[in-house]
Amino acid sequence: RWRLDLYSQGAKSLNLHFDQFGLPAGAELKLYPPMEPGTAQTLTAADNKPHKQFWTPQYAGDRLRLDLILPTALRRQVELHLATVNIAFR
């Protein structure tokens, strides 16, 4: 498991742009506000696109957690590069 917590004090919402996005079958990337794990968006290999990019929807609030869950054997097959964190203050 790999985890990344994002925080931008006072932000109204956050959304992400991955310019490299490729999950192997058997991997999951969960995105959610840390205080609301039951609202997680779960991404899998089914979300891979030929152009290898992915934009998330906007998540309300100033915190966002990413959990990458996968078997150790698949670690080298993951292609993730977070290019942009968009922060809305209005």
Side-chain angles (χ1 to χ4, degrees):
R1 173 176 262 185
W2 170 87
R3 174 172 282 171
L4 175 65
D5 284 316
L6 300 172
Y7 174 60
S8 180
Q9 186 175 2
K12 300 293 184 194
S13 68
L14 303 170
N15 83 299
L16 310 177
H17 170 229
F18 293 90
D19 63 357
Q20 288 293 312
F21 184 90
L23 295 175
E28 293 182 340
L29 180 62
K30 295 182 180 282
L31 300 100
Y32 57 95
M35 302 306 286
E36 301 174 38
T39 65
Q41 176 185 14
T42 302
L43 305 174
T44 67
D47 297 294
N48 295 343
K49 305 288 185 230
H51 52 69
K52 295 199 177 267
Q53 294 192 41
F54 188 85
W55 288 87
T56 70
Q58 288 186 329
Y59 291 89
D62 60 3
R63 297 174 191 269
L64 186 60
R65 175 170 287 166
L66 291 74
D67 285 334
L68 179 62
I69 304 161
L70 70 161
T72 303
L74 298 179
R75 284 175 52 182
R76 294 190 184 270
Q77 296 177 40
V78 174
E79 295 179 60
L80 286 178
H81 181 255
L82 179 57
T84 310
V85 177
N86 295 301
I87 303 165
F89 287 102
R90 295 195 247 173

So Leu31 and Leu16, side chain to side chain contact (heavy atoms under 4.5 Å, CB included) or not? Walk me through it.
CA-CA 10 Å; Leu31 300 100; Leu16 310 177; 3.8 Å; yes
Give the C-alpha distance, both sets of side-chain angles, the deciding distance and a yes or no for side chain to side chain contact (heavy atoms under 4.5 Å, CB included) between Leu23 and Leu70.
CA-CA 9 Å; Leu23 295 175; Leu70 70 161; over 6 Å; no
Do Val85 and Ser8 pass the side chain to side chain contact (heavy atoms under 4.5 Å, CB included) test, and can you show the C-alpha distance, the side-chain angles, and the key distance before you say yes or no?
CA-CA 10 Å; Val85 177; Ser8 180; over 6 Å; no
For side chain to side chain contact (heavy atoms under 4.5 Å, CB included), just list the numbers for Arg63 and Asp5, CA-CA rounded to whole Å, side-chain angles, deciding distance to a tenth of an Å, and then say yes or no.
CA-CA 7 Å; Arg63 297 174 191 269; Asp5 284 316; over 6 Å; no
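When the side chains of ILVMFWY residues are joined at heavy-atom separations under 4.5 Å, either directly or via intervening members, Ile69 and Leu6 end up in two distinct hydrophobic clusters. When the side chains of ILVMFWY residues are joined at heavy-atom separations under 4.5 Å, either directly or via intervening members, Leu64 and Phe89 end up in a single hydrophobic cluster.
The minimum heavy-atom distance between Asn15 and Gln58, with the atom names listed, is CB-CA, 3.8 Å. The shortest heavy-atom contact between Ala25 and Ala45 is N-CB, 3.8 Å. Nearest approach of Gly22 to Asn48, heavy atoms of both residues: CA-OD1, 3.5 Å. The nearest pair of heavy atoms linking Pro37 to Pro34 is CD-O, 3.7 Å.
Taking the six-membered ring where the residue is Trp, Trp55 and His17 present parallel rings, their angle staying beneath 30° rather than reaching 60°.
Leu4 places a side-chain heavy atom less than 4.5 Å from the side chain of Leu82. Proximity of Pro24 to Val78: side-chain heavy atoms (C-beta onward) are separated by under 4.5 Å at one or more points. The closest side-chain heavy-atom distance from Gln53 to Phe21 is not below 4.5 Å. Between Thr39 and Tyr59 the shortest side-chain heavy-atom distance does not fall below 4.5 Å.
Within a 6.0 Å sphere centred on CZ of Arg3, other residues, nucleotides and ligands contribute more than 12 heavy atoms.
Note that OG1 of Thr44 and NZ of Lys30 are 10.0 Å apart. Values are rounded to the nearest 0.5 Å. Expressed to the nearest 0.5 Å, how far NE2 of His81 lies from CZ of Phe18 amounts to 10.0 Å. Remark: Leu14 CG to Tyr7 OH distance equals 10.5 Å, nearest 0.5 Å. Here Thr56 contributes atom OG1 and Leu43 contributes atom CG; the two are 8.5 Å apart, rounded to the nearest 0.5 Å. Going from atom NZ of Lys52 over to atom CG of Leu80 covers 10.5 Å, rounded to the nearest 0.5 Å.
In this structure, Thr84 contributes its side chain and Asn86 its backbone to no donor-acceptor pair below 3.5 Å. Under the 3.5 Å distance criterion, the side-chain polar atoms of Asp62 are left unmatched by any main-chain donor or acceptor of Gln9.
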